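First up is the structure itself, then whatever we jot down about it.
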Number of protein chains: 2
Amino acid sequence: MSATLRLALLLLAVAVCQGYQSNDIDEEDELVYEPSKYGSLWPLPQKVRVSEVSFKLPSASFKIVDAKESSAGPSCSLLQNAYRRYYEYMFGSVRKPGYVKSRAAGPSEISELQVWITSADSECDSYPSLTSDESYELTVDQPNAVLKASKVWGALRGLETFSQLVYEDAYGAKNINSTTISDFPRFAHRGILLDTSRHFLPIKVILANLEAMAMNKFNVFHWHIVDDPSFPYLSRTFPQLSQQGAYHPYTHVYTPADVKMIIEFARLRGIRVIPEFDTPGHTQSWGKGQKDLLTPCYSGTTPSGTFGPVNPILNTTYSFMRQLFSEISSVFPDAYVHLGGDEVDFSCWRSNPDIQNFMEQQGFGQDYSKLESFYIQKLLDIVTTTQKGYMIWQEVFDNGVKLKPDTLIHVWKGNQQQYKDEMANITSAGYHTLLSTPWYLNRISYGQDWQGVYRADPQDFKGTEAQKKLVIGGEACLWGEYVDATNLTPRLWPRASAVAERLWSAKEVTDISDAYSRLSMHRCRLVERGIPAEPLFTSFCPHEYKGV
Amino acid sequence: MSATLRLALLLLAVAVCQGYQSNDIDEEDELVYEPSKYGSLWPLPQKVRVSEVSFKLPSASFKIVDAKESSAGPSCSLLQNAYRRYYEYMFGSVRKPGYVKSRAAGPSEISELQVWITSADSECDSYPSLTSDESYELTVDQPNAVLKASKVWGALRGLETFSQLVYEDAYGAKNINSTTISDFPRFAHRGILLDTSRHFLPIKVILANLEAMAMNKFNVFHWHIVDDPSFPYLSRTFPQLSQQGAYHPYTHVYTPADVKMIIEFARLRGIRVIPEFDTPGHTQSWGKGQKDLLTPCYSGTTPSGTFGPVNPILNTTYSFMRQLFSEISSVFPDAYVHLGGDEVDFSCWRSNPDIQNFMEQQGFGQDYSKLESFYIQKLLDIVTTTQKGYMIWQEVFDNGVKLKPDTLIHVWKGNQQQYKDEMANITSAGYHTLLSTPWYLNRISYGQDWQGVYRADPQDFKGTEAQKKLVIGGEACLWGEYVDATNLTPRLWPRASAVAERLWSAKEVTDISDAYSRLSMHRCRLVERGIPAEPLFTSFCPHEYKGV
């Protein structure tokens, strides 16, 4: 390691080597924390070689440019935007912009990062997808650094990595070491679920978290947009849904323009937006604006005035769903929509005499999961006609609903053994799956719970290699009961960063000590970029958070 | 209740009546939440009578004025400051300030709040103390509202209460109901401990939390200013302590001007600042700037290079403490200083041959708690010469150190039975005490943990009435291992508000349902005033937090 890099790492190490406790009851396991040889890289790239040779970066004149051979040029605003963003992350926005003489690179400096998109179709104007190529190669050496990627998605990941290699020396000068990186994600689906129904999240909060996602190479925003408590999605086809079902019809809704902006903001960062419209349960707020959609519950022989899940026995239900999902399929460009399907409570269905008759007609007996499957089957057929694939929560699979082969089954239930068995069952049936059970980050406890989060692995179950390949990744979920704009961001970061590394880096990257060191520096970087990511433990950041 | 008040409460109730769960593992106990007849008052005053008659407040022309008979006039900047602050809280800062014709109050409006300090000495320019009178009487009726208090401290509490009575009707107009309140605190010492050693807290964060404290009628900021990890207090006498012991000597220290400003900011809100300089343990950071202060630990017969608690056998130690506490006693005006005394680890003392000899000379045998008491006794004598009273953690009492009768013993250890026994023991020995054990708010868990916090009562132990009277109150503690500027404020609020009501309101105020309703509205008020107080549960605020 170069002397300056060593110094920078030692200075930062001061922050993480001290493990003093307040007069408090439990002690953490003591770990000895040493600076990582990988500095602050997070998530760790697949192949990294950092040499001891360091170069200076001339702040004012440093350029990020399209390589001559690149298939993406100045008209690719996705990249031009990213160049500006990463220049600002690396050098701050306060540099004197004044006239800088063009000059050859000095003997130990790097004056350019050249970004070279090698594929004829850069995908600059496309949306990212489950099959997007996010791989890249990064070479930092004189006279220039070169970032090669087949598509713009790999370039975005590589820009983040490049920015993580830059460090300040003792004089405040920006340095980077000679480095070779070859990188690609272990899993294609690396998501964060945010819940905008239990608490409304102002657009500003969603955007800030999309920024933080990009800094952690996440690529899916699972937008749990509506649920029982509120319906903030402003539908063009059924405006009464949010008019009646939102917390407030003007201040607590997402208009079509808001949604469009969020999708574009995400796209510019290589992030897919998958909306979840969960049915037939979790729909109380839907009923306020849509008459006859929900099942009237009975108390004895008379309606009680309360409502249960979506009413599965009316034709009007399916005609409503057809229109709504037709709108959704055009508003959200991603190839997938999440259809929910979890936690359907049968008690209301059971109480309703019309439902009872229907059950008899259909020969379902008393098995209400058959009624649920009946509903879901019809919904899946409707969504299939919109040309979308679908994700569903594991209950839909558990209940034996017939699914398209490309269905993504989302595992969220049970203890460790149970979710592993579930992953084994799903993949042995030949379906693709993704994991969330160990990553319910809304659940909190005292201490460094990121370590448990970090240790979980979505391929760690009994199954063949072919089964393991059916695991497309996972999602960190932050359900909304206890979070809103006041506390969401620090509760999510850097705990979700632990998930990010599990889903991006090689399976073998499991050293908790090394992770602690890199993650501590990574969280200070998030803070410096304006994300209020909470501390892992007693420590400090050179630049503390500026907010309250 | 008036129709408009009823409407306002019903609108807010929407937020708290819905208890839907995400697909998550545990269910909360379901409570039925109804709007409280006390609206959003928090902490609940001792005696409240709210009538159904409502009045309008003319936003632009409303005045908070000194009553003619008041002993505090325009020169009392503490009150003038508070008038401005509360006007802004009630009416926002965006009102058109333009010329407003002076006019008589309309038939159903209140145009003035008159603040009447009845005692000849208003204490406007004093510091609050353990014996400050915080009682007040508030009458809201035509033509004017009147707030009577013996001292400015009661006026501050009454202004907060008045501001909590104001609500918006359906047209956005400000209303207040005819009300009579007679109020005083149940306990004299109602504190919050913040720890600026494990993480440095920027001044801005400390000030915001002092604001929030005033909104909750807290009156003590227990500033755990230094500890093992860092020494951010810039001492005039020993500048090397922070020069060497702070995380950074310039960016992570509190200068004399900073400390002065924090004390004055607190005073203006009726909040005492009690600094804690914890010795002889928890002093690793002190050793960096003060040679020979800490005990050298031995490994066999040679010094190991590490250090233990303060070295209690050197005269230089006491001469250092004399100078340091002399400075502290003049920098911090409060009559008390917290001397710590918790968690002294004896292993280093045991390893050191000089300490062993001293133990033998003194006839302490192998009982190192005697050595600890020897040190503490000398320290207490030193602090006594500075004319300060002292607070200490319970261990000092447990170890049988001789204490001045006015010592405040701070209980923090054990389970519920143990802390109750400790309170009984301390008070049966005739000492004053305060409780923190159930209020270690750094400890977090999933769900509505404010309810457990709310249920704890510092007088709930076996003892005589005389013993109960020795309980001066309690403190919510937020130790710093896992909090810094990024997450401290939402982690503390509104959980600390539960402690605030326990310490201010009558013993009988224990209805969780009523508390939930008032606290939900109180937390939305904190949010509207710029404090990112986290949500209690699924809900919304009319004005969500504007930050990230």
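Computed over heavy atoms, backbone and side chain alike; hydrogens, waters and symmetry mates excluded. Just so it is clear: chains get the letters A, B, ... in the order the sequence lines come, proteins before strands, and each one is counted from 1. Quick caveat, the model's predicted, so the values are computed rather than measured.
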(message) Checking A:S539 against B:H199: is there a side-chain donor and acceptor pair closer than 3.5 Å?
(response) yes
(message) Whether the B:W412 and B:E395 side chains hold a donor-acceptor pair (N or O, under 3.5 Å, no angle test) is what I'd like checked.
(response) yes
(message) Does any backbone or side-chain atom of B:L488 lie under 4.5 Å from a heavy atom of chain A? Answer side chain, backbone, both or neither.
(response)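 No part of B:L488 comes within 4.5 Å of chain A.
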(message) Less than 4.5 Å to any heavy atom of chain B: does that hold for the side chain of A:L207, its backbone, both, or neither?
(response)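 No part of A:L207 comes within 4.5 Å of chain B.
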(request) Measure distances from A:V527 to the heavy atoms of chain B and classify the residue's part below 4.5 Å as side chain, backbone, both or neither. (result) side chain
(request) Quick one: which residue pairs count as a salt bridge (charged side-chain N to carboxylate O under 4.0 Å, His left out) with a foot in residues 199-211 of chain B, not counting sequence neighbours? (result) B:E211-B:R269
(request) Compare all side-chain heavy atoms of A:P438 with those of A:Y419 and state whether any distance is below 4.5 angstrom. (result)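 The answer is yes; the side chains approach within 4.5 Å.
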(request) Using a cut-off of under 4.5 Å on heavy-atom pairs, state which of A:P202, A:A208, A:A533 scores highest against chain B. (result) A:A533
(request) For chain B, find which of A:H248, A:H543, A:K413, A:E534 contributes the most heavy-atom pairs closer than 4.5 angstrom. (result)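 The residue among A:H248, A:H543, A:K413, A:E534 with the greatest pair count is A:E534.
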(request) Please name all residues satisfying salt bridge (Lys or Arg N to Asp or Glu O under 4.0 Å) with B:R525, sequence neighbours left out, ordered by chain then number. (result)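 B:R525 satisfies salt bridge (Lys or Arg N to Asp or Glu O under 4.0 Å) with no other residue.
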(request) Output the option from B:R491, B:E544, B:H252 having the highest count of non-hydrogen pairs under 4.5 Å with chain A. (result) B:H252
